[in-house]
2 protein chains.
Amino acid sequence: MRAHNLALVLHTVANSTDPPSRAAVATATGLTRATVSALVDDLVAGGLLVEVDPPPRTGAGRPAVGLTLTSAGPAGLGLEINVDYLAACVVDLTGAVRHRHVERADQRPADPAQALAALGRLAATARHAAEADGLIVAGAALAVPGLVAGGVVRVAPNLGWQDVDAVAALRAVPELAGLPITVDNEANLAALGELRVTGGPPPTGTAAPTAQAIAAAAPGVTAPAGAAPDPAAAAAGDLPIPGHPWDRRSFLYISGEIGIGAGLVIDGELYRGVRGWSGEIGHVTVYPDGRPCRCGARGCLEQYAGQEALARDEQLAAAALGIALSAVVNLLDVPVIVLGGAYAPIFGSLRDGIEAELRRRVLTAGLAPVTLRPAALGPDAAMRGAADTIIRAVREDPAAWLRRLS
Amino acid sequence: MRAHNLALVLHTVANSTDPPSRAAVATATGLTRATVSALVDDLVAGGLLVEVDPPPRTGAGRPAVGLTLTSAGPAGLGLEINVDYLAACVVDLTGAVRHRHVERADQRPADPAQALAALGRLAATARHAAEADGLIVAGAALAVPGLVAGGVVRVAPNLGWQDVDAVAALRAVPELAGLPITVDNEANLAALGELRVTGGPPPTGTAAPTAQAIAAAAPGVTAPAGAAPDPAAAAAGDLPIPGHPWDRRSFLYISGEIGIGAGLVIDGELYRGVRGWSGEIGHVTVYPDGRPCRCGARGCLEQYAGQEALARDEQLAAAALGIALSAVVNLLDVPVIVLGGAYAPIFGSLRDGIEAELRRRVLTAGLAPVTLRPAALGPDAAMRGAADTIIRAVREDPAAWLRRLS
DNA sequence: GTCAAATAATTCAACCACTAAACAATTTCC
DNA sequence: GGAAATTGTTTAGTGGTTGAATTATTTGAC
């Protein structure tokens with residue numbers, strides 16, 4: 001119960017726009033001021049929260065002391081191996097990127113051990129830099145473009161990997177000793193990265209609006225007015241995302257790389273699938289008797305909207321994407337689709353073609369909108385999402401972190 | 001916390017094969033015998049559990065007194081409106097069907113008010129019969145073949161309904177006064193019905209096996225050996241379902257009626273979609289330029305595997321189903337697909353055709369099996385699932401039920 | 001400048017629910 | 001018949017919460 005309430009308080013502070021006072025947290029959570037005080041004391045002592053200067057005064061009374069997440073506590077180490085680069089970043093508890101290093105180099109000629117060794121070096125320097133900066137790296141997560149099971153990369157076709165125990169390789173790096181390390185699919189983690197940047201606070205208390213209310217409000221397929229990413233806002237890391245509040249916490253993220261992956265986020269939670277293999281949208285059938293795919297099937301989406309096909313014909317790609325995405329929406333009732341990876345920069349030219357298919361093929365298109373939007377994060381999404389899994393674990397179970405310190 | 005532990009104890013008793021003692025519940029839950037005693041006393045006083053004769057002795061020591069769910073307490077009223085019948089059933093806390101009445105009649109000529117009035121009469125007699133039998137009807141749920149939003153049936157094409165406030169109509173029936181009433185999609189509820197019958201207990205304590213372990217064990221698409229439903233076992237309501245334990249709690253249920261719907265159950269939870277409109281697999285595109293569908297699109301699954309098409313060509317239906325289901329598995333990594341409705345009786349002739357497509361088009365088919373199986377429940381599935389939502393609510397929050405009594 | 005009103009945070013007694021350990025009840029086994 | 005075993009209850013103790021009272025610090029009125 002204490003663990004639950006610690007998490008509740010931490011989330012409330014994290015999701016507030018300006019530093020809330022203990023009293024504000026109490027009213028927001030429904031707990032007593034006394035209880036909140038006790039919990040906050042623990043979180044401050046444990047180095048997860050810090051007291052900051054009071055927010056601008058608002059009337060009579062004793063001035064409040066503000067609370068924010070620390071920028072000197074636990075941090076997450078995000079790693080990525082992709083076809084043409086290695087990358088590492090450190091993200092602190094507030095979600096700020098504190099270190100970032102990308103090493104461009106084609107990984108396909110390298111064998112897995114070489115690539116992982118190079119990544120290990122990147123990770124080691126990132127950890128050093130972070131700890132010199134007062135951060136405590138709480139764990140590392142690695143994004144790879146392939147199917148992952150139990151820490152092992154089963155298949156990563158575009159890297160040419162098969163049954164590579166990436167976790168074991170990283171654990172062997174001496175500078176990473178003692179760190180919990182996980183591996184996950186690139187698209188899944190990119191979806192989490194997108195969520196961290198655009199997700200915003202969970203709908204506090206109020207339930208999602210009824211479908212009834214939605215349908216009355218805005219029929220048809222829609223996209224935000226200024227759909228192209230606003231560079232200034234994106235740089236500030238605080239993109240204003242239009243739409244209904246739950247649009248920001250439930251979406252399908254499509255990652256268009258050489259292959260095509262997807263990450264499904266439902267109400268702020270990533271759905272990984274029973275065995276961790278969800279999101280293989282690249283091999284959804286679009287044209288049953290179409291082009292042969294290297295997976296052995298015919299007419300896979302990847303053959304029409306993968307990077308190769310994309311270079312040849314963007315409109316064909318858009319139509320194929322539209323067909324596959326219609327299936328997703330019909331099956332899962334996802335209100336928002338985020339186009340990432342190679343799709344983000346050409347969102348403008350894909351949008352109409354995708355929307356045309358959605359309008360035609362989504363059964364509920366007339367009842368409620370399906371919103372299309374470009375990804376906010378660019379090529380860093382997966383690495384950022386990987387780091388986010390670490391700080392998310394601390395945020396969701398601060399009690400464990402406090403125990404770990406003592 | 002008390003609420004949580006009450007639910008924990010209730011679940012433990014519910015999921016035990018024979019009536020457990022207080023001590024057995026204590027060891028199973030990890031709570032103290034003292035705590036369990038206190039909780040059980042509350043549940044017995046509230047009429048959710050009853051003490052029964054001790055199970056056969058097993059050694060020395062004071063004899064235990066067994067605990068079971070009551071068969072005289074809260075009950076769920078399950079209702080269904082479909083194209084050619086109305087139905088009502090009452091299910092008690094143990095999951096036993098205590099009353100059941102089906103009224104065959106084509107509902108299409110009737111206007112919604114007439115149909116709902118007839119259903120109201122059915123529901124009223126069911127409630128009476130149940131209460132004469134010592135049951136307390138805790139609520140009612142209605143299954144309809146259509147899109148539902150906030151208690152309103154937005155569209156039910158095969159009934160010819162549009163924007164029918166079914167909940168309001170039923171609430172107006174005097175004999176149903178005071179009952180919480182909900183409406184839901186037929187396929188969603190049928191999936192829950194299937195879960196109740198085949199789901200079994202949640203994997204106690206142990207996590208799902210790693211994908212790694214699975215892949216090593218059994219590659220390829222598989223189906224249970226004796227795949228046709230065993231009538232004797234089905235009648236006993238205790239069908240032995242083969243496969244891994246989590247297979248029973250994560251599956252996609254396909255309901256083949258005039259239209260085709262699907263209900264997705266993940267780890268024992270029904271996924272309804274953000275707006276409640278998930279599972280419209282009937283309008284997933286199979287052949288992008290194929291037959292025109294009444295939804296306005298082309299090549300929808302319904303045109304190739306709906307009841308009409310099914311009558312013409314079962315093999316075409318199987319191939320189309322295989323293509324659409326491959327998309328589902330690629331996207332969601334669902335390990336089991338349950339064929340219900342009109343598909344269940346002809347499972348044998350559909351199976352090979354579906355499996356061929358799955359083998360070809362599911363990317364991970366070589367890593368882990370996709371199991372196909374016929375539904376266990378037959379035409380009662382949706383109605384049973386509807387009733388189950390009511391008793392599930394009581395089971396998941398027994399504290400609320402106890403409060404309600406006082 | 002002083003005092004009342006307002007707001008923030010802490011302290012303290014009471015309470016609820018769980019744990020641990022002792023105890024009572026009832027059986028089997030020797 | 002008595003020791004051992006097992007179930008279920010009782011009792012004292014503890015952690016974490018609430019609610020009320022208390023302290024701290026500011027604004028605004030006079």
Side-chain angles (χ1 to χ4, degrees), chain A residues 1-13 16 18-46 49-68 397-400 402-403 406, chain B residues 1-13 16 18-46 49-68 397-400 402-403 406:
Chain A
M1 165 158 285
R2 185 162 190 80
H4 177 256
N5 282 339
L6 281 168
L8 185 62
V9 168
L10 195 64
H11 269 109
T12 306
V13 173
S16 301
D18 9 63
S21 66
R22 289 167 170 79
V25 172
T27 54
T29 57
L31 299 171
T32 326
R33 288 200 304 273
T35 306
V36 170
S37 265
L39 294 168
V40 165
D41 286 352
D42 271 21
L43 292 171
V44 169
L49 291 182
V50 285
E51 301 190 328
V52 296
D53 279 350
R57 297 307 326 284
T58 155
R62 169 174 168 176
V65 354
L67 298 168
T68 47
D397 189 4
L402 300 186
R403 271 196 304 279
S406 65
Chain B
M1 165 162 282
R2 186 166 188 78
H4 177 257
N5 282 339
L6 281 168
L8 185 62
V9 168
L10 195 65
H11 270 109
T12 306
V13 174
S16 302
D18 7 66
S21 65
R22 289 167 171 78
V25 172
T27 55
T29 56
L31 297 171
T32 324
R33 289 202 306 269
T35 306
V36 170
S37 265
L39 294 167
V40 164
D41 286 351
D42 272 20
L43 292 170
V44 169
L49 291 182
V50 285
E51 302 189 328
V52 297
D53 278 350
R57 298 307 325 282
T58 157
R62 171 174 167 177
V65 350
L67 298 169
T68 47
D397 190 4
L402 301 186
R403 272 196 304 277
S406 63

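Per chain, numbering begins at 1; letters A, B, ... match sequence-line order. Quick caveat, the model's predicted, so the values are computed rather than measured.
- Rounded to a whole Å, the CG atom of A:Leu67 is 12 Å from the C1' atom of C:dA8.
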Checklist entry - Can you give one letter per nucleotide of nucleotides 14-19 of chain D, going 5' to 3': B for a protein heavy atom under 4.0 Å from the base, S for sugar-phosphate only, - for none? => result --SSBB
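- Taking all atoms of both residues into account, the shortest heavy-atom contact from B:Ala3 to B:Ala399 is CB-CB, 3.8 Å.
- Results of the side-chain contact (heavy atoms from CB on, under 4.5 Å) test with A:Val40 over A:Val9, A:Leu6, A:Thr35 single out A:Val9 as the only residue that passes.
- Rounding to the nearest 0.5 angstrom, the gap separating the OG1 atom in B:Thr12 from the CG atom in B:Leu67 is 11.0 Å.
- Between B:Ser16 and B:Pro20, the shortest heavy-atom contact is OG-CG, 3.7 Å.
- For the pair A:Leu39/A:Leu31, a side-chain contact is recorded, criterion being any heavy-atom separation below 4.5 Å from C-beta on.
- Looking at every heavy atom in both residues, A:Pro19 comes nearest to A:Thr68 through CG-CG2, 3.5 Å.
- At least one side-chain nitrogen or oxygen of A:Ser21 sits closer than 4.0 Å to the OP1 or OP2 atom of C:dA9.
- Remark: A:Asp41 pairs with A:Arg22 by the salt bridge (charged side-chain N to carboxylate O under 4.0 Å, His left out) rule, at least two apart or across chains.
- Per the geometry, CG belonging to B:Asp42 stands 17 Å off P belonging to D:dG8, to the nearest Å.
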Give me, pair by pair, the N or O atoms of the protein and of nucleotides 21-25 of chain D that are less than 3.5 Å apart, along with how far apart they are.
residue, atom, partner, partner atom, Å
D:dT25, O2, A:Arg62, N, 3.0

